[in-house]
Amino acid sequence: RLRLHFAIMLGANPSQEQFARIIKNEGDQCHDSSDDDGKNVSKAYPGTASQWINHCIHLVCRSVCVAFSDMVESGSATGSSGREGNSPVRCYCLPCLTIGQGELAKKRVKSIIFIFVPLILLFFFLMEDAGHVVMRNIRLRHALNTGVYTNWNSGQVKDLHFRSFTLNVWKNLQRGFLVRLPDTFMDVNGETMHVTMMCPRGILFLFHGCNRYAASFYYSPQGRQLVSSALEHGFVTVAVKKKEELGCWSWNDDAETVLQLGKKFLQTRYQDECRNHHGQTVYPPIFGFGASSGGKFVGQLASEMKKNGDAYFPFQFSAVNIQIMAPSDQWDFDVPAIYTVMEGDKLTKREVEAVISNNSHSEVIVTSGQKPILSDHFLKVFDDDPQMSDSLSNSIHTDLIKLNVVDAQTNLLLGDPRHSRDAVIATSSICEKYNSRARKKWATAKNDEDAEEAKPFGMSVRLYGGLTGEELSDAECIWLIEELNVAWDKHEITAEGFDSVLAFFLESVIIPHR
């Protein structure tokens, strides 16, 4: 027998007369009748969408009320036939739903309520969250707003964590890409909102030199400055791993893999994200950065892209920055190039200047020469890291003087830190003295609450958790090795002048197209 929805409207069990009268009135509406076109329709239910919604909300509310009313009843109601505990249970949730009779039916109703009421509440919570997202997107689209890239939190170390992707085309073509997206904050009517840029201003592929991990772009002092500047300008950074991470770039081992996987990376992540002013789908501009062996590899990639552009589309550089590496006679590319050379490397400087004198699309940045290591040097380098204090920076400076690495009068290095025996021994000693394990012991001895938070300098919690053991070990000393090499100013990756490099990139934008 159909349990008609009219029963929901009753706060108590109907009498026999009421039941008969309502059955007659409501039951007649459940009979099929014909509309003007002769089609059978049911007049027992609303016809429009809004009526259906109102009807469902009404049913749910009344069902819950009646159900709880029945739950607290004594259960001793007796029907006209004198049978106890066997009265019909009204249909609470849906019209025409058969629930049953007696205590079994009440148990079923309770089970339905306990299952569906939480689901209904969860639905409304999700709808509320979805509503917030929709309204937020509407405000971002229509409000007058300004954007700021990567608004670092003051008092905390810069969080340069990355996402690691292992891409492959075939079994033999497999490589790790370490990707960092810029954090973008939009000021909308006085409210700051964090948004994700689906189409970045550019994608910067990073290629390190020999004996360096790709991940060190995100934790070494100079690498952190490079990546931070790129993110603040709205670039996505992609550090590419070598086949042998602590080896050098090899054209035979790395070239085809990088070209094919660079193509795949762009096609799978940015194929439909960007459009030009004509509404056509385009890829964001691609830039290449390489230091030392990585610089040579970038020049070779740019030459191959010119030679076989269609084969690697859309992986095509718009411009390149080649650091501490002289141009090769084997290079043959026509994209704009900006070279960064160190004042102390006279040979490379002359070779680069000779090349750019005949090329109107090339520029050169020359570093400022040897730099002193002052007592507050490391405090300035790690000004965002609470672990580095003025006293700690001064202590490191004092040790460098005692170990004959830095001159006490001029604060300049006494020799090449790559080849000086004293410098090599001193570097190892200082790294051991100030690594995170040693600093953790100091803090524990002083009952410092932050003892467990000791990490390599310049490293956030999220970055720390994403590195391998070998990379963490490298991070314990790279902060000193790299800074000493930059101070000697002969052969080291450098962030000096990198803002000019980014400006050069943006002026040389070429949108990849067929």
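Any value given below was found using the heavy atoms of this structure, including those in side chains, with hydrogens, waters and symmetry copies removed. Position 1 is the first residue of the sequence, and the numbers go up from there.
- Under the side-chain contact (heavy atoms from CB on, under 4.5 Å) criterion, D334 pairs with K306, not counting sequence neighbours.
- Between D384 and R224 there is a salt bridge, with a side-chain nitrogen of the basic residue lying less than 4.0 Å from a carboxylate oxygen of the acidic one.
- Of the possible donor and acceptor atoms, one in the side chain of S216 sits under 3.5 Å from a partner among the backbone N and O of Y213.
- Between the side chain of S393 and the backbone N or O of S375 there is at least one donor-acceptor pair closer than 3.5 Å.
- For S293 (side chain) and W249 (main-chain N/O), a donor-acceptor pair under 3.5 Å exists by modelled atom type.
- For the pair R439 (side chain) and Y434 (backbone), a donor-acceptor distance under 3.5 Å is present.
- Looking at H397, its side chain does come within 3.5 Å of a backbone N or O of I373 through a donor-acceptor pair.
- A salt bridge links D183 to R180: at least one charged side-chain nitrogen sits closer than 4.0 Å to a carboxylate oxygen.
- Ring planes of W331 and Y339: parallel class, angle under 30° (limits at 30 and 60°).
- The neighbour count for E244 CD, taken as heavy atoms of other residues, nucleotides or ligands under 6.0 Å away, does not exceed 12.
- Residue pairs satisfying the salt bridge (charged side-chain N to carboxylate O under 4.0 Å, His left out) criterion with at least one member in residues 203-214, sequence neighbours excluded, are listed as follows: R212-E482, R212-E492.
- Salt bridge present: K371 and E496 bring a charged side-chain N and a carboxylate O closer than 4.0 Å.
- Side chain of K349 to backbone of V366: no donor-acceptor contact under 3.5 angstrom is found.
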So R175 and D254, salt bridge (charged side-chain N to carboxylate O under 4.0 Å, His left out) or not? Walk me through it. CA-CA 9 Å; R175 196 57 53 90; D254 296 310; 2.8 Å; yes
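- Applying the disulfide (SG to SG under 2.5 Å) definition to pairs two or more places apart or across chains, those involving residues 231-332 are C199-C274, C210-C248.
- Between F287 and F505, the angle of the ring planes stays under 30°, which puts this pair in the parallel group of the 30/60° scheme.
- With hydrogens and angles ignored, the 3.5 Å screen pairs no side-chain donor or acceptor of Q316 with any backbone N or O of I286.
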